[in-house]
Undergrad: 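The following block contains the structure, expressed as structure tokens.
This structure is a prediction, so every number in the text was calculated from the model and none was measured. We count ligands from 1, going down the list as the structure has it; atoms in each ligand are counted the same way.
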Amino acid sequence: MTTEFRHFNGGEPIDAEALGAAVQSHLTYTLGKDAAHATRYDWRMALSYAVRDRITDAWFAATRKTYAEGAKRVYYLSMEFLIGRLLEDALVNLGLADAAEAALKAQGLNLMEVVCDEPDAALGNGGLGRLAACFLESLSTLGCPAMGYGIRYEHGLFRQSFEDGRQVERPEHWLSQQHPWEFERPEARFRLGFGGHVEHVDGRAIWHPAEVVEAEAYDTPIIGWEGKWANTLRLWSAKAVHPFDLGRFNHGDFYGAAEPEALARTISRVLYPDDTTDEGKTLRLKQEFFFTAASLRDILRRFDSEHDDLALLPQKVAIQLNDTHPAIAGPELVRLLHDERGVEFHEAVRLARGCLSYTNHTLLPEALEAWGEGLFAHLLPRHMEIIRRIDEDHAAQYPDRASRILDHGTVRMGELSFLMAHHVNGVSALHTELMKETVFSDLHRLHPERIINQTNGVTPRRWLKSCNGALSDLLTETIGTGWVRDLEQLSRLEPMIGGAGFIEKYAAAKRENKTVFGNWLNEEFNLNVDPDAMFDAQIKRIHEYKRQHLAILQTIADWQAIHDNPNGDWTPRVRIFAGKAAPGYVFAKEIIHLINDVAAVLNADKVTREYLQVVFLPNYNVSLAERIIPASDLSEQISTAGKEASGTGNMKLALNGALTIGTLDGANVEIREHVGAENFFLFGMTAQEVVARREIDGHAGRAIAECPALGRALEAVRSGRFSAGEPDRYRGVVENVSGPDYFLVASDFASYHAKQAEVSAAYRDRDAWARMAAYNTARSGWFSSDRTIGDYMSQIWGAKSLL
Ligand code: F58
């Protein structure tokens, strides 16, 4: 973290002394602690409160300005916000990092240690949730009046550890300490119903829910770059309407007395409860309705406070659905307008559609949400009626239409979202085209203007400025500070890449990051790595389509080749893996286990370990990504083409000067176009070739027969070379890759293997490598989430910056 000492937000400049006094004051009066007895936690809290005070001024100013201008507001509805730690973000965006460092130093404390004391807010699974967090930061940086809405899960994504190489999940307790960034809003509460029945009286529908819970708001301000604007992340927590049953308590039923509270709180208890059981499915649908309905009520309440004509709704309110999880917003908004406010049904649909837009993040059939009609109607009986009417109206309008919302006893949330949105977007150019050709081909034919592309982006504040101090300093020294707000200014580096001077410094910054990361690996995991070895990272959720098993099979093949010729001219490499597998995803967990088993054998091999090491870092999260990304040389983006909607880790790694080895999938395609094909290692089949390849009988067997290195690597796994005492441990993996191999690991292996040999050769020319890396940095400016958000604002939301 490197930030020049300056306080940006136009208020009183604050120096280390003033900040130190504010920290002291919070330590004394907010935390009730004497400095002599304060722990690191106390200091972190005191610093966080002092910094939060600075955010609050900008936050109020932004809210006042939005009201004063009667501006259109953007509402980003997302089941996930993977925001990570907030203290460092706030310090960097407010320009307070140096002041904080000095203030803490005066107390004998190290800022980074204090920063790292903050637990990660892991309210998300992966890319989708992290994208939402980058978007919040960019919305504030751009001064777009906006609000994020989600769930305040008591437990975020599970903590991952390994026992004998196997993934073990434990609950995560980010709220076990106080969370200094949020403000509880007991006055912002809404009652929400589930179940019950619908009564139709004189053409009016009245829903009588069987169960009612309360949603209570917690607000976190999100500060933009230079503290010029702050928006709100509003997370809902579930509470019982009558939290405590005194009658039951007085009759000795102590458990039962607290039951209503426990039941209600279940709704916001955990991120993604296992939904393989019926109870799990019901709970998940409840979560979706809970936060969506509370958010809509809040949005309408705010609208009512400013306007009295509902016809203005689409001009004043833009609601973005982050995937289909908030898709119930369509029917719920229609219900609120029609049933509760008397707007004519078709007009209510038109108004709702004028507000709503929907982002699709996946084409994987198993990830497209669909609910059994029975379960849906039981929980949301009135919404079921509204959905049926929307579906029938649309079918009547387009009689030749094949796909329906209600289909074979299921409610398809993708179709519902499409029909209720004025725009539907994919998250990379390729993904958007595939959406038009596959999942939504039918609807796209009928509504050809509706689908547009918005390629993802990442915030440069977190993913370059604060995570990569060495490179940030060099960039600022070379081209000034403008790049932080306008990332495309990085292109000004280009003329310097060919010349002398810059490239040595660029390489030195990477070397410094690798040394820091290597030292950390040593301290935390007792691992010794050589900072001159290539750091090769595959960091993301574990999934068959992301093909971590392709990477580990290739690693095994390399290891065997080194053994064959230990005196060969090998390029030393450290293969770094990190990522979590869904608790119920057996195959993904086997891949983790296999990688750990391979790591144990390879890292103990005295013949090869000088050239090849493997490490699987536990508990991948935002903070771990911030460590790995600046230190990586190679970025593994090796999904089966057509399956990765976009990727955002690929952008972060390229920006930080890692070269990509990847398929033509998701945003890899656009990254390659931007950084130049000569600075990108492309391999594998295209999305079209993938489809054709699957048609070939015995494609995996043929690929194995044609590639001895693959056959040999698979044989080592099959024979139990990495699972001593249990030779059959990986039979499932081997049989999958040699048999059905839906994700075409075998068929892409030879191409990947050959490309990796090219990568190793290229790394040996360190100057040439550094130049390629520098071109990746210089040409990644387009992947800023500021660009993405700017395009959403103009092309989808019709929203304006108030800065
Ligand atoms: C991801 N989806 C895509 N889903 O896989 C990735 O390509 C893309 O870059 C990213 O979205 C942002 O657009 C994703 O993260 C999930 O996490 C699902 C949430 C719902 C449960 C199943 C996983």
Undergrad: Can you confirm whether Gln795 is buried at CD, in the sense that more than 12 heavy atoms of other residues, nucleotides or ligands lie under 6.0 Å from that atom?
TA: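 Yes, because the 6.0 Å sphere around CD of Gln795 holds more than 12 heavy atoms from other groups.
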Undergrad: Does some non-hydrogen atom of Thr362 fall short of 4.0 Å from ligand 1?
TA: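 In this structure, Thr362 fails to qualify as a contact of ligand 1 - no heavy atom is under 4.0 Å.
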Undergrad: Quick one: does atom 18 (C) of ligand 1 have a protein heavy atom under 4.0 Å from it?
TA: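 Answer no: nothing from the protein, no heavy atom, is under 4.0 Å.
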Undergrad: What's the shortest heavy-atom distance between Arg787 and Trp782, and which atoms?
TA: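 Minimum heavy-atom contact is NE-O, 2.7 Å.
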Undergrad: For Trp463 and Cys134, work out which heavy atoms get closest and say how close.
TA: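 Looking at all heavy atoms of both residues, the closest pair is NE1-SG, 3.6 Å.
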Undergrad: Using a 4.0 Å heavy-atom threshold (strictly under), name the region of Leu128 that reaches ligand 1: side chain, backbone, both or neither.
TA: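 Both backbone and side chain.
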Undergrad: So, Glu88 and Arg85, do they make that salt bridge, N to O below 4.0 Å?
TA: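 Here Glu88 does not pair with Arg85 in a salt bridge, since their nearest N and O are not under 4.0 Å apart.
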Undergrad: Quick check: does Tyr545 get an N/O under 3.5 Å from an N/O on ligand 1?
TA: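 So ligand 1 has an N or O lying under 3.5 Å from an N or O of Tyr545.
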Undergrad: With a 4.0 Å heavy-atom cut-off (strictly under), which part of His325 contacts ligand 1: side chain, backbone, both or neither?
TA: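 Side chain only.
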Undergrad: May I ask you to list the atoms of ligand 1 that are less than 4.0 angstrom from any heavy atom of Gly127?
TA: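 Those qualifying, in numeric order: 10 (C), 11 (O), 12 (C), 15 (O).
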Undergrad: Dump the intermediate steps for salt bridge (Lys or Arg N to Asp or Glu O under 4.0 Å) on Asp786 and Arg461, then the final yes or no.
TA: CA-CA 10 Å; Asp786 299 344; Arg461 271 71 64 186; 2.8 Å; yes
Undergrad: With nothing but distance in play, are any N or O atoms of Lys546 less than 3.5 Å from an N or O of ligand 1?
TA: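 It does not: no N or O of Lys546 is found under 3.5 Å from an N or O of ligand 1.
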Undergrad: Can you list the atoms of ligand 1 that are under 4.0 Å from a heavy atom of Asn125?
TA: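 Within the 4.0 Å cut-off of Asn125, ligand 1 contributes 17 (O).
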Undergrad: Any N or O on Gly647 sitting closer than 3.5 Å to an N or O of ligand 1?
TA: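 Yes; the residue has a nitrogen or oxygen that sits under 3.5 Å from a nitrogen or oxygen of the ligand.
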Undergrad: State whether Phe743 and Lys643 meet the cation-pi test: NZ (Lys) or CZ (Arg) under 6.0 Å from the six-membered ring centroid, and within 45° of the perpendicular axis.
TA: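 Pair Lys643/Phe743 does not count as cation-pi.
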Undergrad: Taking the cut-offs as 6.0 angstrom to the six-membered ring centre and 45 degrees off its axis, would you call Arg694 and Tyr742 a cation-pi pair?
TA: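 Arg694 over Tyr742 ring: yes.
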Undergrad: Protein heavy atom under 4.0 angstrom of atom 3 (C) of ligand 1, is there one?
TA: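 Yes.
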Undergrad: So which of His361, Glu644, Lys643 gets nearest to atom 7 (O) of ligand 1, if we judge by its closest heavy atom?
TA: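 Closest candidate by heavy-atom distance is Glu644.
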Undergrad: Side chain, backbone, both or neither: which applies to Glu80 and ligand 1 if a contact is any heavy-atom pair less than 4.0 Å apart?
TA: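 Looking at Glu80 and ligand 1, just side chain atoms fall under 4.0 Å.
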Undergrad: If we set the cut-off at 4.0 Å for heavy atoms, which region of Asp323 has an atom near ligand 1: side chain, backbone, both, or neither?
TA: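 It is neither; nothing of Asp323 touches ligand 1.
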Undergrad: Stepwise, does the salt bridge (Lys or Arg N to Asp or Glu O under 4.0 Å) test hold for Lys546 with Glu644?
TA: CA-CA 7 Å; Lys546 297 182 189 274; Glu644 188 70 270; 2.9 Å; yes
Undergrad: Run the numbers for me: atoms of ligand 1, each under 4.0 Å from some heavy atom of Val427, listed by number.
TA: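 Those atoms are 13 (O).
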Undergrad: Could you tell me how the ring of Phe418 sits relative to the ring of Phe440: parallel (under 30°), tilted (30 to 60°) or perpendicular (over 60°)?
TA: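 It falls in the tilted class, 30° to 60°.
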Undergrad: Take atom 23 (C) of ligand 1 and look for protein heavy atoms under 4.0 Å from it; say yes if you find one, no if not.
TA: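 No, because not a single protein heavy atom sits under 4.0 Å from atom 23 (C) of ligand 1.
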Undergrad: With heavy-atom distances below 4.0 Å as the criterion, list the atoms of ligand 1 near Ala645.
TA: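 Those atoms are 7 (O).
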Undergrad: May I ask you to establish whether Arg152 and Tyr218 are in a cation-pi arrangement, using a distance under 6.0 Å from NZ or CZ to the six-membered ring centre and at most 45° from the ring axis?
TA: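 Yes, Arg152 lies over the aromatic ring of Tyr218.
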